[in-house]
Amino acid sequence: PHPSTGLPRTPSFAMVAGVLAAAPQSFGLAHSLDGHTGAVLSLAWTKNGAYVLSASQDKTLRLWNPQTGAHVKTYQGPHNHEVADAVISEDNSKFISCGGDKHFFQWDVSTAQVIRKFVGHDRKVNALAFGPNQDVVLSASNDKTVRIWDLRTRSRGSMQSLAEATDSVLCVAVAGDEIVSGCTDGAIRRYDVRKGQLVVDSLLQPVGSVSFSKDRACMLVSTLDHNIRLLERDTGNILATYSGHVNKRFKVQSTLDPTDSVVISGSEDNRICMWDLVEAKLLCTLTGHGGPVLCASFSGGTLVTAAGDGGVKVWTAEVVPATRAQSMAAALPADSGLPSEFGRSSRRPASALPATPLTRLAAAFQAPAATGPATQAPAAGAVVDAAGGDVEGGREGRSRSPPIAKRKDRGRKHRRKSEPET
């Protein structure tokens with residue numbers, strides 16, 4: 001790793017970055033997966049990388065074989081509005097989907113039947129994420145909350161509600177004992193479940209996508225100002241900024257390639273953009289979609305992208321001979337890496353630890369260390385805006401927040417015990 005940043009500086013980084021820089025055509029279109037009649041808002045791979053699930057504005061989900069381009073199965077029925085996101089269980093037997101229905105559903109993959117319904121949100125559910133053991137699932141909503149649901153019980157209600165956001169919560173991610181949410185108010189909120197501590201980073205722009213590097217040391221954050229930022233997780237410092245794409249109106253996903261060497265994002269001008277992680281240089285763009293590219297997801301050497309025109313495309317990387325890869329690696333400077341100064345910090349010190357942690361929630365997040373990382377339905381073909389609320393950003397800088405108080409659901413009210421009823 002680089003001595004200052006800890007980011008990878010390996011032959012795999014050199015190979016991927018070198019191939020893209022020298023031969024952008026090395027990513028070729030393998031299949032076009034047609035069938036959706038509305039914008040595709042989310043993609044999810046099965047854990048074995050054999051299938052990919054697409055969630056669409058046409059109220060359906062479709063399972064595809066990306067190797068052959070075959071459509072395997074369609075899941076439809078319970079969603080009366082667009083399907084915004086889906087997550088697949090580790091054993092590939094179940095998945096959970098959410099959208100504009102306010103509630104969300106757990107499905108059996110083989111029978112295409114809903115086996116559980118989750119009720120509690122007041123508005124559209126934008127994103128889902130599993131806890132580290134998949135004992136809990138988290139949901140982010142336009143009702144300004146992130147809710148946590150216990151999958152070990154049959155209760156329809158949530159076990160915890162995180163209600164610190166001041167506007168729609170667009171994305172949520174989990175890394176070990178931490179929950180990270182991105183919000184239209186411009187804030188990234190990081191909840192340390194075991195310590196009962198909340199830290200807030202403000203980026204001044206609505207946050208549409210948050211993901212982690214494999215070692216969880218960095219967060220990749222997309223904001224609706226045509227920028228993607230790489231943040232150091234512990235300090236909140238901005239390590240790099242990636243620009244050149246268009247992202248102002250819609251929730252557009254960004255991600256890292258499997259080697260954590262290349263940043264990939266969709267763009268509202270129908271392109272797929274790829275940047276060098278360290279130098280933040282635009283390496284290449286892929287074209288072929290007929291609408292804004294809203295999501296991109298890797299599994300091994302296969303990239304799947306989806307767009308506002310309902311199209312899903314499968315891209316594969318050309319296999320590079322070992323001698324060519326070695327020559328590319330040798331051509332890169334040995335000291336290539338991030339500088340010792342990483343830009344401004346966007347946070348302040350975290351608040352003190354609470355006297356009593358969230359023991360029930362923390363128990364659900366106890367896992368071994370990981371090795372890697374309601375509105376009217378729009379017309380068919382239209383692309384949903386990133387959020388239905390105010391898109392003005394919050395204050396700049398990291399804010400100090402009190403420890404997370406232990407809360408209990410009481411109907412639709414979720415307040416800290418220290419807060420008076422209003």
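All values below come from the heavy atoms of this structure, side chains included, with hydrogens, waters and symmetry mates left out.
Ring geometry, Phe104 versus Phe118: the interplanar angle falls under 30°, so the pair is classed parallel (tilted spans 30 to 60°). Ring geometry for Tyr75 versus Trp107: interplanar angle over 60°, hence perpendicular rather than tilted (30 to 60°).
Taken to the nearest 0.5 Å, the CD atom of Gln253 stands 10.0 Å off from the CG atom of Leu294. Taken to the nearest 0.5 Å, the OH atom of Tyr242 stands 4.0 Å off from the CG atom of Leu277. Atom CE of residue Met219 and atom OG of residue Ser213 lie 10.0 Å apart, to the nearest 0.5 angstrom. Between the OG1 atom in Thr285 and the CH2 atom in Trp275 there is a gap of 10.0 Å [rounded to 0.5 Å]. Between atom CG of residue Asp177 and atom CD of residue Gln197 there is a gap of 12.5 Å, rounded to the nearest 0.5 Å. Atom CG in Asn92 sits 4.5 Å away from atom CG in Asn48 (nearest 0.5 Å).
A 4.5 Å side-chain heavy-atom check between Tyr51 and Ile88 finds every atom pair outside the cut-off. Residues Asp257 and Ile264 form a side-chain contact, since some pair of their non-hydrogen atoms from C-beta on lies under 4.5 Å apart. Using a 4.5 Å heavy-atom threshold, the side chains of His245 and Val293 count as separate. Val263 places a side-chain heavy atom less than 4.5 Å from the side chain of Leu256. Residues Ile188 and Val180 form a side-chain contact, since some pair of their non-hydrogen atoms from C-beta on lies under 4.5 Å apart. In this structure the side chain of Val207 never reaches within 4.5 angstrom of the side chain of Leu170, judged on heavy atoms. His226 has its side chain within reach of Val246: a pair of non-hydrogen atoms, C-beta onward, lies under 4.5 Å apart. Within the 4.5 Å cutoff, no side-chain heavy atoms of Val174 are placed close to those of Phe130.
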(request) Give the C-alpha distance, both sets of side-chain angles, the deciding distance and a yes or no for side-chain contact (heavy atoms from CB on, under 4.5 Å) between Ser202 and Val200. (result) CA-CA 6 Å; Ser202 293; Val200 181; 4.3 Å; yes

(request) Let me see the working for Ser243 and Asn227 under side-chain contact (heavy atoms from CB on, under 4.5 Å), right down to the final yes or no. (result) CA-CA 5 Å; Ser243 59; Asn227 285 304; 3.5 Å; yes

(request) Begin from the C-alpha positions of Ser141 and Arg147 and carry the test side-chain contact (heavy atoms from CB on, under 4.5 Å) through to its verdict. (result) CA-CA 8 Å; Ser141 171; Arg147 298 192 184 218; over 6 Å; no

(request) Show the numbers, then the answer: is there a side-chain contact (heavy atoms from CB on, under 4.5 Å) between Val83 and Ser56? (result) CA-CA 5 Å; Val83 187; Ser56 174; 6.0 Å; no

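The one candidate from Thr305, Asn270, Asp269 that meets the side chain to side chain donor-acceptor pair (under 3.5 Å) condition with His289 is Thr305.
Closest approach of Ser168 and Lys144 over heavy atoms only: N-CG, 4.3 Å. Shown here for Thr166 and Arg189, the closest heavy-atom pair between the two residues is N-NH2, 4.1 Å. Of all non-hydrogen atoms in Asp85 and Leu128, the two that sit nearest each other are OD2-N, 2.9 Å. Between Ser54 and Val312, the closest heavy-atom pair is CB-CG2, 4.3 Å. Smallest separation of non-hydrogen atoms from Leu61 and Ser97: CD2-CB, 3.9 Å. Across all their heavy atoms, Leu303 and Leu286 have their closest contact at CD2-CD1, 4.3 Å.
Using a distance-only test at 3.5 Å, with no hydrogens or angles considered, a donor-acceptor pair links the side chain of Ser261 to the main chain of Thr259. Formation of a donor-acceptor pair under 3.5 Å by the Gln106 side chain with backbone atoms of Lys94 is not found in this model. A distance-only check finds no donor-acceptor pair linking the side chain of Asp58 to the backbone of His36 [under 3.5 Å]. Without hydrogens or angle criteria, Asp276 side chain to Val278 main chain gives a donor-acceptor distance under 3.5 Å. Judged purely by atom type and a 3.5 angstrom limit, Glu90 has no side-chain atom pairing as donor or acceptor with the backbone of Gln134. Judged by distance alone, with hydrogens and angles left aside, the side-chain atoms of Lys73 form a donor-acceptor pair with the main-chain N or O of Ser110 at under 3.5 Å. Without hydrogens or angle criteria, Asn142 side chain to Asn126 main chain gives no donor-acceptor distance under 3.5 Å. Side-chain atoms of Lys124 do not come within 3.5 Å of backbone N or O of Ala84 as any donor-acceptor pair. The closest donor-acceptor contact from the side chain of Asp225 to the backbone of Gln205 lies at 3.5 Å or more, if one exists at all.
Side-chain contact, His79 with Asp101: a donor N or O sits under 3.5 Å from an acceptor N or O.
Here Glu178 does not pair with Arg216 in a salt bridge; the nearest charged N to carboxylate O distance is not below 4.0 Å.
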